[in-house]
S.K.: 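Before anything else, here's the structure in question.
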Amino acid sequence: MNNITRIGIDLAKNTFSICAVDMNDKIVLERSLKRKELLPFLANIPACLIAMEAGSDAHNWSRELIKLGHDARIMDPKFVIPYRGGGNTRKNDRNDARAICEAAGRPHTRFVPVKNEQQQAILLVHRRRRQLVAEHTRTANQIRGFLAEFGI
């Protein structure tokens with residue numbers, strides 16, 4: 001496993017699919033790991049680029065992988081879609097991990113900066129406030145419509 005240069009991880013709830021390539025972009029490892037197995041497995045691999053799609057767990061996993069010395073990167077899922085293959089390629093975790101690994105190796109792929117916990121907490125507060133404002137506006141408009149039905 002010393003020849004691994006890049007890993008793509010398809011994050012999921014319980015089982016993660018990984019695809020690893022060497023410096024010639026040849027697949028040298030493909031497997032599925034349970035959540036509790038991922039960090040111990042990656043701790044035993046020499047530092048390399050590890051990519052994943054942006055999602056609910058991506059920033060946390062990236063921070064953990066950076067602690068292990070890896071170059072963890074997060075990408076917008078829209079940059080992975082072109083690498084999932086043609087119409088004959090089934091959408092599944094294994095193919096997603098391959099596509100993530102492939103996309104991460106392209107020179108023009110843009111990555112999302114890994115956020116620390118404080119940055120994430122601030123974004124969470126702003127996101128929730130935006131939802132509450134939208135809900136308030138929706139409710140006020142609905143009440144206005146109900147009152148209009150009664151000529152008020």
Side-chain angles (χ1 to χ4, degrees), residues 1-139 141:
M1 287 203 262
N2 291 336
N3 55 349
I4 293 175
T5 58
R6 188 174 66 247
I7 297 175
I9 302 177
D10 182 48
L11 299 174
K13 248 190 277 187
N14 300 312
T15 306
F16 303 140
S17 291
I18 65 169
C19 176
V21 297
D22 62 13
M23 64 182 178
N24 297 317
D25 284 340
K26 180 179 179 251
I27 295 174
V28 293
L29 175 72
E30 281 187 300
R31 68 184 293 187
S32 293
L33 296 167
K34 296 204 180 302
R35 178 175 287 274
K36 65 182 179 185
E37 299 170 332
L38 185 63
L39 277 181
F41 176 80
L42 294 173
N44 292 318
I45 291 181
C48 64
L49 170 73
I50 300 180
M52 61 204 84
E53 287 180 312
S56 60
D57 248 2
H59 288 281
N60 181 55
W61 282 112
S62 294
R63 287 190 299 267
E64 293 298 322
L65 295 172
I66 289 168
K67 288 178 194 174
L68 294 176
H70 293 289
D71 179 9
R73 298 189 189 179
I74 303 170
M75 65 184 87
D76 189 314
K78 70 182 176 188
F79 296 122
V80 177
I81 292 170
Y83 300 100
R84 283 206 172 99
N88 297 334
T89 304
R90 291 183 48 206
K91 168 121 175 58
N92 58 39
D93 294 344
R94 184 171 153 255
N95 289 337
D96 285 351
R98 281 183 173 186
I100 292 165
C101 191
E102 175 75 20
R106 297 299 179 184
H108 299 294
T109 299
R110 293 185 308 226
F111 296 97
V112 176
V114 177
K115 293 172 183 59
N116 63 39
E117 289 179 354
Q118 184 179 7
Q119 290 170 318
Q120 278 190 285
I122 291 168
L123 286 173
L124 182 139
V125 169
H126 286 293
R127 188 176 303 136
R128 185 60 189 135
R129 182 183 182 284
R130 190 171 42 245
Q131 290 170 339
L132 289 170
V133 168
E135 186 178 329
H136 178 268
T137 303
R138 202 170 29 252
T139 301
N141 288 339

S.K.: With sequence neighbours left out, which residue pairs that include part of residues 112-137 fulfil the salt bridge (Lys or Arg N to Asp or Glu O under 4.0 Å) condition?
M.R.: none
S.K.: Using residues 12-22 as the side-chain source, report each donor-acceptor pair under 3.5 Å to any protein atom, sequence neighbours left out, with the distance given to one decimal.
M.R.:
from  : atom 1 : to    : atom 2 : distance (Å)
Asp22 : OD1    : Asn24 : N      : 2.9
Asp22 : OD1    : Asp25 : N      : 3.3
Asp22 : OD1    : Lys26 : N      : 3.0

S.K.: Tell me, which pairs form a salt bridge (Lys or Arg N to Asp or Glu O under 4.0 Å) where one or both residues lie in residues 60-74, sequence neighbours left out?
M.R.: Glu64-Lys67, Asp71-Arg73
S.K.: Should the pair Glu102-Arg106 be classified as a salt bridge under the 4.0 Å nitrogen-to-oxygen rule?
M.R.: yes
S.K.: For Pro77 and Ala54, work out which heavy atoms get closest and say how close.
M.R.: CG-O, 4.0 Å
S.K.: List the steps, then state whether side chain to side chain contact (heavy atoms under 4.5 Å, CB included) holds for Phe111 with Asp76.
M.R.: CA-CA 7 Å; Phe111 296 97; Asp76 189 314; over 6 Å; no
S.K.: Measure across Ile100 and Asp10 and return the closest heavy-atom pair with its distance rounded to 0.1 Å.
M.R.: CD1-CA, 4.0 Å
S.K.: Applying salt bridge (Lys or Arg N to Asp or Glu O under 4.0 Å), which residue pairs with at least one partner in residues 32-42 are found, sequence neighbours left out?
M.R.: Arg35-Asp57
S.K.: Where is the tightest heavy-atom contact between Ala104 and Met75, given as atom of each residue plus distance?
M.R.: CB-CE, 3.7 Å
S.K.: Supply the atom-to-atom distance Ile74 CD1 to Ile9 CD1, rounded to the nearest 0.5 angstrom.
M.R.: 11.0 Å
S.K.: Below 4.5 Å, heavy atoms only, C-beta onward: do Thr5 and Asn3 meet side chain to side chain?
M.R.: no
S.K.: Sequence neighbours excluded, which residues qualify as ring pair (Phe, Tyr, Trp, His ring centres under 6.0 Å) partners of Phe79?
M.R.: none
S.K.: Table please: side-chain donor-acceptor pairs of residues 45-53 below 3.5 Å, with sequence neighbours left out.
M.R.:
from  : atom 1 : to    : atom 2 : distance (Å)
Glu53 : OE2    : Arg84 : NH2    : 2.9

S.K.: Calculate, to the nearest 0.5 Å, the distance between atoms CG and CG belonging to Leu42 and Leu38 respectively.
M.R.: 4.5 Å
S.K.: Short question: side chain of His70, backbone of Ser62 - any donor-acceptor pair under 3.5 Å?
M.R.: no
S.K.: Does some side-chain heavy atom of Arg98 sit less than 4.5 Å from a side-chain heavy atom of Tyr83?
M.R.: no
